[in-house]
Amino acid sequence: MIKRRIAELLTTAINEAQSRRALPAMSIPDLGIDHPPQRELGDYASSVAMRIARAARMNPRDIAATIASLIPPSREIARVETAPPGFINLYLDDSWVAEQVETILREGIGYGSGVLPGKRIQVEYVSANPTGPLHAGHGRGAVFGDTLANILAFAGHDVQREYYVNDAGAQVRLFGATLLARYQQALGHDVPLPADGYAGAYMQTLAAEIVEEYGDRFLALPQDEAQQELASIGMEKVLAWIRGDLHDLRIHFDRWFHERELFEDGQLQEALAKLREAGVLDEREGALWFASTALGEDKDNVIIRSNGIPTYFATDIAYHYDKFLRRKFDEVIDVWGADHHGHVSRMKAVVSALGIDPDRLVVALSQLVTLKRGGEVVRLSKRTGDIVTLREVIDEVGADACRFFFIQRSPDSQMDFDLELAKEQSDKNPVYYVQYAHARIASILRLAEERAIDWSAGEVALLRSEAEQNLIRKLITFPEVIETAALNRAPQGLPAYALALAGEFHSFYRVCRVVSDDAALSAARLKLVASVKTVLANALRLMGMTAPDRMVRTDE
RNA sequence: GCCCCUGUAGCUCAGUGGAUCAGAGCGUCUGACUUCGGAUCAGAAGGCCGCGGGUUCGAGUCCUGCCGGGGGCGCCA
């Protein structure tokens with residue numbers, strides 16, 4: 001990665017300056033390497049001189065000049081300049097830039113990968129209760145988690161994707177009770193729904209399906225037994241829906257971890273033993289508490305109720321014990337809905353009390369999605385039954401647009417998603433802008449093939465015009481984009497990059513004829529567009545989107 | 001009351017403490033192919049980055065106080 005190379009060169013220069021006593025001996029902070037706001041100021045710039053000026057008791061301009069003069073000559077850098085108030089500007093060498101086309105073609109789908117040392121990272125996402133269909137908000141977390149996992153894996157980590165299936169606990173009993181009522185109703189019995197039951201119409205769908213497949217056999221069972229059986233059957237059906245939705249969003253998990261596994265294998269007991277050892281448990285009022293006030297939390301939390309039944313918090317303790325101490329992940333990323341944020345600090349406190357560095361647990365909260373239809377806000381509530389399901393969103397706007405829209409926004413911001421708008425403006429949809437660039441290149445390559453042009457010996461050194469150079473310079477920042485997105489756990493850098501690259505290509509396309517009478521130049525440019533296609537495809541693949549070779553308008 | 005997220009162009013939103021940093025897309029307005037895909041390109045208009053202090057050589061970015069929006073504070077999950 002060229003950015004790393006530049007860091008090496010700067011470090012070499014700084015060390016040299018220090019050994020010549022042109023700079024005082026001191027530790028050097030982050031070199032502050034970035035892209036200048038304008039092309040004229042170079043391809044990369046470092047603000048290190050200003051960062052160390054105070055400690056060095058020197059004028060930043062002088063420091064910059066000293067460092068710049070000691071940067072060793074290299075193939076990558078054509079020249080170095082300084083600019084007030086102390087920037088060091090580096091200009092890439094055009095020939096070296098042109099050669100990068102060959103690098104990209106050689107590395108292909110691996111270009112940009114492996115930029116970080118691998119850790120074992122688990123990303124747990126979606127994890128919606130199997131008591132109802134996924135809604136749009138789940139979709140956001142799903143796409144965020146999945147794309148993040150893609151990026152982390154591509155960057156070089158060993159990533160495991162997991163869905164936590166909440167198939168034990170109070171909501172299951174309520175689900176079963178509701179389903180039984182619906183089942184009885186479907187068979188002509190006039191029974192009321194339980195208070196706070198699941199009101200969604202899908203419960204009737206489930207009941208009807210069960211009547212269809214099993215007949216009235218559950219009527220004869222004792223109520224408890226009937227509820228249990230129905231809950232189990234119903235959850236399997238809901239899980240099948242969920243899997244179907246996720247499949248259509250191209251999301252696949254390595255493991256579906258069931259809550260009940262935590263009770264079958266003693267994780268909770270072991271975790272509690274550890275916590276007891278750490279002295280953070282407290283028994284009072286017949287219940288077992290996590291004494292988190294002593295750890296700086298604003299209140300204690302019940303782990304085991306006075307009736308002996310563990311809380312949701314208890315299972316999460318056991319679950320994280322399992323993640324860290326049994327499965328030994330270096331890092332665990334939990335993607336939760338924003339409504340769980342109150343749970344974050346006590347979960348971290350637990351992890352810490354288990355003897356694990358709490359920074360190894362990263363909780364990403366995905367904020368609310370306000371779904372709109374023609375400007376009208378649609379409320380998302382599982383209870384009212386008036387929900388827009390993820391299924392509807394996928395069917396309306398398609399998986400590609402759905403994914404692109406969700407990851408374009410930082411998970412920290414609430415977002416509006418207007419289905420009508422997304423549908424109406426599908427032509428103007430940014431997703432098509434990127435895909436169109438890819439399809440356009442595919443078309444050019446088809447033309448070359450039709451004309452039997454062999455461009456394998458193309459001489460990339462011919463790629464020296466401004467449009468060509470700009471395009472390649474954009475290409476070679478791809479590995480940096482991956483690194484930044486992976487380090488910051490911020491996938492939204494990827495769609496932004498894809499748009500910028502597509503834009504650079506479209507501009508290039510206007511100015512530079514690819515297949516022309518000039519055979520040598522044609523061959524070079526075919527290599528260039530092929531490399532653009534490679535990088536676009538890499539970006540789209542990481543975003544979980546298709547990279548079409550042809551696009552057909554269907555709306556005209 | 002306490003905690004978390006948030007406030008940037010008419011709209012939806014990007015912006016690791018760096019320089020023309022006021023950005024993109026949509027919307028509005030002007031232009032552009034007899035050759036590779038016009039789902040394109042070139043350009044214009046549009047802004048006290050919610051408000052006030054502070055830290056810094058440098059603040060949309062960090063701290064703090066207000067104001068506005070959303071969410072959370074159960075022996076629910």
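Source: prediction; values computed, not measured. Residue numbers start from 1 in every chain, and the chains themselves are labelled A, B, ... in the order their sequence lines are given, proteins ahead of strands.
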Return the 5'-most residue of the pair A:Arg305, A:Ala338 with respect to RNA chain B, ranking by each residue's nearest nucleotide. A:Ala338
Looking at every strand, decide which applies to A:Arg451 at a 4.0 Å heavy-atom threshold: base, sugar-phosphate, or nothing. nothing
Starting at OH of A:Tyr44 and ending at P of B:A19, how long is that distance when rounded to a whole Å? 17 Å
If I pick the C1' atom on B:C62 and the same atom on B:U56, what distance separates them, to the nearest angstrom? 10 Å
Hey, does A:Met58 have a side-chain heavy atom less than 4.5 Å from the side chain of A:Leu23? yes
With a non-hydrogen cut-off below 4.0 angstrom, is A:Ser410 in contact with a base, only sugar-phosphate, or nothing? sugar-phosphate
Qualifying side chain to side chain donor-acceptor pair (under 3.5 Å) pairs with a residue from residues 476-491 of chain A, counting only residues at least two apart or across chains: A:Arg4-A:Glu483, A:His35-A:Glu480, A:Tyr44-A:Glu480, A:Glu331-A:Arg489
Side chain of A:Pro37 (C-beta onward), nearest among B:U16, B:A42, B:U20: B:U20
Looking only at atom C1', what distance separates B:G23 and B:A9, rounded to whole Å? 10 Å
Which is true for A:Phe417 with a 4.0 Å heavy-atom rule: it touches a base, it touches only sugar-phosphate, or it touches nothing? nothing
Pairing check on B:G65: which nucleotide meets the Watson-Crick or G-U wobble criteria with it, both distances under 3.5 Å? B:C51
Tabulated below should be each protein N or O lying under 3.5 Å from an N or O of nucleotides 2-5 of chain B; please produce it.
from	atom 1	to	atom 2	distance (Å)
B:C3	O2	A:His341	NE2	3.2
B:C5	O2'	A:Asp412	O	2.2

When all nucleic acid strands are considered with a 4.0 Å heavy-atom cut-off, which category describes A:His343: base, sugar-phosphate, or nothing? nothing
Rounded to whole Å, the CG-P distance (A:Asn89 to B:U20) equals 12 Å
Geometric class of the A:Tyr312/A:His343 ring pair [parallel <30°, tilted 30-60°, perpendicular >60°]: tilted
Taking the inter-plane angle between the rings of A:His135 and A:His138 on a 0 to 90° scale, is it parallel (under 30°), tilted (30 to 60°) or perpendicular (over 60°)? parallel
Any idea which heavy atoms bring A:Ala136 and A:Val393 closest together, and the distance? CB-CG2, 4.2 Å
Report which part of the nucleic acid A:Ile33 touches: base, sugar-phosphate, or nothing (heavy-atom distance under 4.0 Å, all strands). base
Could you work out the separation of B:C26 and B:G70 based on their P atoms and round it to a whole Å? 30 Å
Any side-chain heavy atom of A:Lys533 within less than 4.5 Å of one from A:Leu536? no
A:Tyr312 has a side chain; which of B:A77, B:C36, B:A19 sits nearest to it? B:A77
Closest to side chain of A:Ser306, choosing from B:C36, B:C75, B:C41: B:C75
Let's see if you can work this out: which of B:C36, B:A77, B:C41 has an atom nearest to the side-chain heavy atoms of A:Ser507? B:C41
Taking only the P atom of each, what is the distance from B:G7 to B:C63 in whole angstrom? 14 Å
Please confirm whether the shortest side-chain N or O distance from A:Ser47 to OP1 or OP2 of B:G18 is below 4.0 Å. no
Taking only the C1' atom of each, what is the distance from B:U28 to B:C66 in whole angstrom? 37 Å
For A:Ala439, answer base if it contacts any base atom (sugar-phosphate contacts may also be present), sugar-phosphate if it contacts only those atoms, and nothing otherwise; contact means non-hydrogen atoms under 4.0 Å. base
Starting from P on B:C73, measure out to CG on A:Asp300 and report it in whole angstrom. 17 Å
Would you say the side chain of A:Phe505 lies within less than 4.5 Å of the side chain of A:Leu471, judging by non-hydrogen atoms? yes
Any donor-acceptor pair under 3.5 Å joining the side chain of A:Arg510 to the base of B:G38? yes
Please determine if a side-chain N or O atom of A:Gln492 lies less than 4.0 Å away from the OP1 or OP2 oxygen of B:G15. yes
Taking only side-chain nitrogens and oxygens of A:Ser516, does any of them come within less than 4.0 Å of OP1 or OP2 of B:C36? no
Any base atoms under 4.0 Å from A:Ala45, or only sugar-phosphate, or nothing? Heavy atoms, all strands. base
Please report the distance separating the P of B:C48 from the corresponding atom of B:G52, rounded so that it comes out in whole Å. 12 Å
Would you indicate which nucleotide in B:A39, B:A42, B:G18 comes nearest to any side-chain atom of A:Phe87? B:G18
Quote, to the nearest angstrom, the C1' distance that separates B:G18 from B:G25. 26 Å
Length of the CG-C1' vector between A:Asn488 and B:U61, whole Å: 14 Å
Taking the six-membered ring for Trp and the full ring for Phe, Tyr or His, determine whether the centres of A:Tyr125 and A:Phe144 are under 6.0 Å apart. no
Nearest to the side chain of A:Lys299 - B:G18, B:C73, B:A77? B:C73
Rounded to whole Å, how long is the line connecting atom CG of A:Asp339 with atom C1' of B:G71? 8 Å
Beyond-backbone contact of A:Arg305 with A:Thr311, side-chain heavy atoms, under 4.5 angstrom: yes
If the P atom of B:U6 is compared with that of B:C13, how far apart are they to the nearest Å? 13 Å
Gap between atoms CG and C1', on A:Asp416 and B:C26 respectively (whole Å): 14 Å
If pairing requires Watson-Crick or G-U wobble contacts with both distances under 3.5 Å, which nucleotide is the partner of B:G43? B:C29
In the strands shown, is B:A14 matched to any nucleotide by a Watson-Crick or G-U wobble pair with both distances under 3.5 Å, and which? none
Write down the distance between CZ (A:Arg409) and P (B:A14), rounded to a whole number of angstrom. 7 Å
5'-most contact on RNA chain B (nearest-nucleotide basis), A:Asp549 vs A:Leu41, goes to A:Leu41
Is there a side-chain polar atom (N or O) of A:Tyr433 under 4.0 Å from OP1 or OP2 of B:C41? yes
Take the angle between the ring planes of A:Tyr163 and A:Trp256 and call it parallel below 30°, perpendicular above 60°, tilted in between. parallel
Taking a pair as Watson-Crick or G-U wobble with both distances under 3.5 Å, which nucleotide is matched to B:G1? B:C73
Have a look at A:Asn301 and say if it touches a base, only the backbone sugar-phosphate, or nothing, with a 4.0 Å heavy-atom cut-off. nothing
With the stacking rule set at 5.5 Å and 30°, tell me whether A:Tyr436 counts as stacking on B:G37. no
A:Asp416: what forms a side-chain contact (heavy atoms from CB on, under 4.5 Å) with it, not counting sequence neighbours? A:Thr370, A:Lys372
For atom CZ of A:Phe313 and atom P of B:A77, their distance in whole Å: 12 Å
